[in-house]
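Any value given below was found using the heavy atoms of this structure, including those in side chains, with hydrogens, waters and symmetry copies removed.
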Amino acid sequence: MNIHTFEKQFNKVIVQRGYNYYLNHHVIDIMQIDNSIWQAEVEGSELYTVDIVIKPNGDITHTDCDCPYDDVCKHIAAVLYEIQAQLNKPLVSESKPSKAQKPTLRQLLATQSKENLITLILKVGQNSPSFLQELELLLTEPADVLKAAEQLIIRHLKQEEDRRSGFIPRNQATKALKGVYTTLQHAQEHIDQGDYITSIELSLLCFQHTFDALQYGDDSDGDFGGAIDESLELISQAIDEGVNIWSKEQSETAYDLVIQKAMNHELSGWSDWRIHLLHSCVPLCYEDAIEEQFKTLLHSMKSTSDDWHAHYMNKQLREIELRLLQDKYSGKEVDAFLEQHIEDYDMRELIIKSAINRGEYEKILQLTADGIQQDQQLPGIVNMWRRYAFIAHQHLGHTEEMRELALKLLLGGDYQYYSEFKTLHTAAQWSEALDSLLNQLEKSHLYPKIIVNEQQTKRILDYCKARPDRIEHYYMHIKDHYYEEVCTLFIDAITADARISSNRKSYQGVCHSINIMRQAGYIVEGEQLISDLLQAYPKRRAFVEELKNIQK
């Protein structure tokens, strides 16, 4: 996307609104910070800050606005128009006296002395405490960085609270989290510098304050949840990279930090975030002492309760323990663990995949048969076992068993087994088998696909008679055989649609169907239908307009 042609890449509505904002001087302040970075303030329902990065060749590499809109917004479009206007200003003739080209902020700062810069920063900061806090966070010594980050996070959260209710409304969530995202960026920089422990501490700080804010903030747009997810990802990244260079003491420090947060009672109702934190500790188990603690903790968390949440948590804890074994031990230990927990369908599937790799097809048949028996209340899982059994029978050359499984999978809605089922029959067998299959699938979503593929014109006609509105999708398959019937179906479907239409959009839908009818070759009949509808609904002015627009 280029600054001179960006309009082509934007939604037309957004472009027009942005252009109106630009023309009406809603871009109230704009600054070129250096050769590529621009920042502007745009006056909308509130004052929004827009950041743009543009390469010297005009390519736009970054756009950001702190408004609640997720995609490119009208504020960004307005600023791009303003930048475009500034870049397109004609150069002043050298023969005429003129001011030099306006320097960028970076160039202006470079001319100042250290003392002047300090004075300027403090002066600007008098009207922007958040600016000073962000600057302090960047300059603070490691020992004080957590305190500075926490102050920044809290200030932004407090600023966006409703004064009466103390609640953060949905449209203020992005601004409220500005301190969190600034701190997360700082945490990423600590990772890049190899300071992994500080990164974990900063990310946990962001996690905690964002989690707390969920209790008094509207997360309809997922802003708070997104910030928590990003905090968790940074924790995992810091551990994954740090574990390669840490001493035993540093690994224990990281483990204690994360486990303390994971086991906080506040997370009792937030299982997925707790599980994410536990998963991040797995790489630390290369230390035997940590592994022993971790396994003891996992076992203590398992529940004997029969409710859904207990089953879910036990399953997640097994997956963590499996990952630990896969990372640290040989296949023998992993296989033993899988066999021990074979009642878990994910564990059974891993055993089956391993058996496929080893060519143990009889074992697969036993595993899938047991799985079908065990999981008969879970149709999707049962079909998964059938698919694996099909693979085993295929390798063993069991044609009859393959045919039986393919039919069951088809009846379960798995279309990919249609061709398998067909190839398992001779040409002489197929006609009878197809008829039986279609009778069983008549109410399935696979039915129309198969009757079209098999060119079952009578069945397609009957299908459309039962659902006249489908005729515009299937007419080309039956028109040559049932010309009059197809015309009648078009008329019936369009007439019924017109009867219940009540707004311009639905009227346009009716007209679209008439056009399809005419494209199908029913031109005269289509024109007569338009006349009939005009006569039937003279008082529906919008409908009359739409019909006359397509009348020839």
Side-chain angles (χ1 to χ4, degrees), residues 407 410-411 413 415-419 421-423 425-552:
L407 176 59
L410 266 173
L411 295 178
Y415 181 70
Q416 75 178 75
Y417 285 89
Y418 157 64
S419 59
F421 186 65
K422 185 173 182 177
T423 57
H425 293 82
T426 65
Q429 295 171 327
W430 181 236
S431 177
E432 183 179 349
L434 175 63
D435 195 53
S436 173
L437 173 66
L438 292 175
N439 287 337
Q440 295 177 77
L441 285 177
E442 201 160 1
K443 294 183 180 180
S444 166
H445 69 282
L446 301 183
Y447 183 74
K449 292 183 181 181
I450 296 176
I451 61 176
V452 167
N453 195 66
E454 292 292 335
Q455 299 178 16
Q456 297 279 307
T457 54
K458 180 63 170 64
R459 283 184 179 271
I460 297 172
L461 177 65
D462 291 341
Y463 177 78
C464 291
K465 282 182 177 179
R467 306 163 185 80
D469 60 307
R470 307 302 292 163
I471 189 62
E472 61 186 64
H473 299 283
Y474 295 104
Y475 72 86
M476 68 287 293
H477 302 293
I478 56 175
K479 187 183 71 171
D480 293 342
H481 298 84
Y482 303 102
Y483 188 88
E484 294 297 332
E485 290 91 336
V486 169
C487 182
T488 300
L489 283 170
F490 264 119
I491 293 171
D492 289 347
I494 294 170
T495 302
D497 197 14
R499 190 178 304 118
I500 62 173
S501 294
S502 58
N503 56 56
R504 188 173 293 274
K505 186 175 181 179
S506 58
Y507 299 149
Q508 290 171 345
V510 171
C511 293
H512 177 70
S513 296
I514 294 173
N515 283 332
I516 292 176
M517 178 182 175
R518 293 191 297 198
Q519 290 168 12
Y522 302 100
I523 298 173
V524 174
E525 294 88 342
E527 292 302 318
Q528 181 60 52
L529 180 56
I530 292 173
S531 297
D532 292 344
L533 292 173
L534 286 170
Q535 187 173 356
Y537 304 106
K539 294 183 179 180
R540 298 186 187 177
R541 294 183 181 179
F543 195 16
V544 169
E545 287 179 14
E546 295 296 335
L547 289 168
K548 287 185 175 180
N549 285 339
I550 65 167
Q551 194 175 36
K552 294 182 179 179

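- Atom CD of Gln456 sits about 13.0 Å away from atom NE2 of His477, to the nearest 0.5 Å.
- You'll find the side chain of Ile460 stays beyond 4.5 Å of the side chain of Tyr482, heavy atoms only.
- Asp497 pairs with exactly one of Ile500, Ile494, Thr495 by the side chain to side chain contact (heavy atoms under 4.5 Å, CB included) rule, that one being Ile500.
- Looking only at atom types and distance, the side chain of Asn503 has a donor-acceptor partner in the side chain of Ser506 under 3.5 Å away.
- Lys449 contributes no side-chain N or O that, together with a main-chain N or O of Tyr415, makes up a donor-acceptor pair within less than 3.5 Å.
- The neighbour count for His481 NE2, taken as heavy atoms of other residues, nucleotides or ligands under 6.0 Å away, does not exceed 12.
- The CD atom of Glu432 sits 11.0 Å away from atom CG of Leu434, with the distance rounded to the nearest 0.5 Å.
- Side-chain contact of Tyr418 with Glu454: a donor-acceptor pair under 3.5 Å is present, judged by distance alone.
- Within the 4.5 Å cutoff, the side chain of Asp492 has no heavy atoms near those of the Ile471 side chain.
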Q. What do the steps show when you test Leu438 against Tyr447 for side-chain contact (heavy atoms from CB on, under 4.5 Å), and what is the final call?
A. CA-CA 7 Å; Leu438 292 175; Tyr447 183 74; 4.0 Å; yes
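- Using a 4.5 Å heavy-atom threshold, the side chains of His473 and Cys464 count as separate.
- For Gln535, the CD atom counts as loosely surrounded, since its 6.0 Å shell holds 12 or fewer non-hydrogen atoms of other residues, nucleotides or ligands.
- For the residue pair Arg518 and Ile523, the shortest heavy atom distance occurs at O-CG1, 3.7 Å.
- Here the shortest heavy-atom pairing between Val486 and Lys479 reads CG2-CA, 4.0 Å.
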Q: List the steps and the verdict of side-chain hydrogen bond (donor to acceptor under 3.5 Å, both in side chains) for Gln528 and Asp532.
A: CA-CA 6 Å; Gln528 181 60 52; Asp532 292 344; 2.9 Å; yes
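- By the 30° and 60° cut-offs, the orientation of the rings of Phe421 relative to Trp430 is perpendicular.
- No side-chain donor-acceptor contact under 3.5 Å links Asp435 to the backbone of Ser431.
- The closest side-chain donor-acceptor pair between Glu545 and Asn549, if any, does not fall under 3.5 angstrom.
- Once rounded to the nearest 0.5 Å, the distance linking CD1 of Ile530 with CG of Leu534 reads 7.5 Å.
- At most 12 heavy atoms of other shown residues, nucleotides or ligands fall within 6.0 angstrom of atom CD in Gln455.
- Taken from OG1 in Thr457 to CG in Asp462, the straight-line distance is 9.5 Å, to the nearest 0.5 Å.
- A distance of 9.0 Å separates NZ of Lys465 from OG1 of Thr488, quoted to the nearest 0.5 Å.
- Judged by the 6.0 Å distance and 45° axis criteria, Arg470 is not positioned over the aromatic ring of Tyr474.
- Within the model, atoms CG of Leu529 and CD1 of Ile491 stand 6.0 Å from one another, a figure rounded to the nearest 0.5 Å.
- Across all their heavy atoms, Arg540 and Ala498 have their closest contact at NH1-O, 2.8 Å.
- Minimum heavy-atom separation, Val510 to Ser501: CG2-OG, 3.5 Å.
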**Q.** Criterion side-chain contact (heavy atoms from CB on, under 4.5 Å) on Met517 and Glu472, from CA distance to verdict
**A.** CA-CA 7 Å; Met517 178 182 175; Glu472 61 186 64; over 6 Å; no
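- The backbone N or O of Arg541 lies less than 3.5 Å from no partner atom in the side chain of Tyr507, so there is not a single donor-acceptor pair.
- Closest non-hydrogen pair, Pro448 versus Tyr463, comes out as CG-OH, 3.7 Å.
- Distance alone, capped at 3.5 Å, is enough to place a donor-acceptor pair between the Thr423 side chain and the Ser419 backbone.
- The two residues Leu437 and Ile450 have their closest heavy-atom pair at CD2-CD1, 4.4 Å.
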